[in-house]
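First the proteins, then the strands, lettered A, B, ... as listed; each starts at 1.
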There are 2 protein chains.
Amino acid sequence: MSETSGAKRIRRDPEVAKALILDATETLMLEEGYAAVTTRAVAKQAGLAPGLVHYYYPSTDDLLVAAYRRTTQRNLESLTAVLSSEDPLQAFWRFQTDTPHMALAVEYMALANHRKAIKAEIARYADYARDLQAEALAPAIRNAPLDHEICPPVCVTTLLVSVARTLVMEEQAGISRGHAETRALVRWLLDRMTAPADA
Amino acid sequence: MSETSGAKRIRRDPEVAKALILDATETLMLEEGYAAVTTRAVAKQAGLAPGLVHYYYPSTDDLLVAAYRRTTQRNLESLTAVLSSEDPLQAFWRFQTDTPHMALAVEYMALANHRKAIKAEIARYADYARDLQAEALAPAIRNAPLDHEICPPVCVTTLLVSVARTLVMEEQAGISRGHAETRALVRWLLDRMTAPADA
DNA sequence: GTCTATATAATGATAGAC
DNA sequence: GTCTATCATTATATAGAC
């Protein structure tokens with residue numbers, strides 16, 4: 001079929017085209033899951049020709065790794081802002097329970113289990129980020145309900161991320177039992193922990 | 001190609017064939033993720049012809065729902081055993097941190113986000129199970145470190161499941177930072193909670 | 001740099017032989 | 001009940017025109 005169905009050829013800055021492709025990849029991962037990230041779907045979502053996706057990202061793994069790295073970069077910037085805010089612990093909780101952010105993180109985690117190229121990338125960043133978070137949040141934990149020996153800062157961040165991840169994952173899956181109570185508990189604990197250390 | 005490459009036709013009890021198919025589905029989900037559950041892969045794993053899978057489970061959704069229901073049935077039996085054991089809270093934690101069990105649960109959760117037929121099934125069971133767990137574990141929480149008002153039983157089970165899920169998910173993805181400390185903390189808390197109510 | 005066209009492989013699902 | 005053969009669809013990836 002050689003009917004002139006095609007779109008016009010638009011000359012773009014390579015960085016613009018790549019950004020369009022990565023944006024589309026992210027949208028698809030969020031809305032339909034990582035399995036929906038196919039050459040065609042990405043191209044369609046981005047309004048580009050399928051071939052162009054392969055031009056910039058030869059294989060699907062290349063595309064996914066590039067998308068993950070950009071997300072990581074952005075997350076580190078958000079994290080820096082969070083940790084330098086007035087109430088870092090509360091800001092950290094808000095950041096982790098932000099649905100788009102955490103939902104995307106969950107997709108990448110699921111992806112890590114099944115794409116080796118991504119797995120190494122994810123593990124490296126996750127371990128690094130947890131250390132960074134624990135170190136930076138430590139000063140904000142002024143009034144811990146548990147002894148520092150039994151509950152060091154890395155436990156606090158691990159627990160917060162665990163609960164935030166579960167709340168977001170389950171909400172997306174239509175599960176809500178216990179969520180209101182758990183959110184209330186975390187709010188209560190964070191309020192206590194961030195209160196002046198004299199209660 | 002009509003070379004006689006084929007396997008012999010073995011007459012089985014339908015229940016046996018179905019069990020083989022569901023076993024293969026579970027194995028694939030655990031080892032390669034839900035995306036690896038294709039008609040052909042399941043048939044190969046089960047040592048059966050691809051056509052037979054569709055004979056029992058016309059569509060892939062039918063297969064996945066059947067597999068999920070069998071898993072659910074087994075989980076409820078395990079849960080009953082856990083809750084009637086000597087130390088239900090500790091047994092519950094061991095059950096939730098059992099890697100194959102939790103890894104499979106995580107795959108189904110990921111699946112729920114992208115297959116509508118499964119989503120309803122999962123949400124229904126998850127909400128039901130959480131209520132069941134909270135109710136049954138309540139008596140075992142003899143010495144809670146936090147007030148019952150701010151941390152009711154449903155919070156305890158939600159938190160335990162959240163942390164167990166994260167530990168298993170992350171370990172599978174090659175992430176380990178903070179895990180040892182968090183496991184130690186949970187052990188410490190569970191020991192306190194299950195101690196005689198007089199400390 | 002961008003598009004169309006196509007080679008190749010894998011998928012879900014069905015028809016029909018045994 | 002089980003298997004083989006096959007169709008229609010969709011995937012990754014590449015070649016080449018513009």
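- Here the P atom of nucleotide D/dT4 and the CG atom of B/L48 are 11 Å apart, to the nearest Å.
- With contacts defined as side-chain heavy-atom distances shorter than 4.5 Å, the pair B/Q96/B/H101 qualifies.
- The nearest whole Å value for the distance from the OH atom in B/Y57 to the P atom in C/dG12 is 16 Å.
- When the C1' atom of D/dA17 is taken as reference, atom OH of A/Y55 falls 15 Å away, rounded to whole Å.
- Taking atom CZ on A/R11 and atom C1' on C/dG1, their separation rounds to 5 Å, with Å as the unit.
- Between B/T60 and C/dT11 there is no side-chain N or O to OP1 or OP2 distance below 4.0 Å.
- Using a cutoff of 4.0 Å between basic side-chain nitrogens and carboxylate oxygens, A/K18 and A/E15 are scored as salt-bridged.
- Rounded to whole angstrom, the span from the CD atom of B/E32 across to the P atom of C/dA10 amounts to 14 Å.
- With C/dG1, C/dG12, C/dT4 as the candidates, the nucleotide lying closest to the side chain of A/P50 is C/dT4.
- Between B/E181 and A/R130 there is no salt bridge, since no side-chain nitrogen of the basic residue lies less than 4.0 Å from a carboxylate oxygen of the acidic one.
- Following rounding to the nearest Å, B/R9 (CZ) and C/dG16 (P) show an atom-to-atom distance of 15 Å.
- Across all strands, A/R12 comes closer than 4.0 Å only to sugar-phosphate atoms, never to a base (heavy-atom distances).
- Considering only side-chain N and O atoms, B/T39 lies under 4.0 angstrom from the phosphate OP1 or OP2 of C/dG12.
- In this structure, CZ on B/R183 lies 6.5 Å from CH2 on B/W93, to the nearest 0.5 angstrom.
- Taking atom CG on B/L52 and atom P on D/dG1, their separation rounds to 9 Å, with Å as the unit.
- Nearest nucleotide to the side chain of A/H54, out of D/dT2, C/dA13, D/dT14: D/dT14.
- Atom-to-atom, OH of B/Y34 to C1' of C/dG12 comes out at 17 Å; the value is rounded to the nearest Å.
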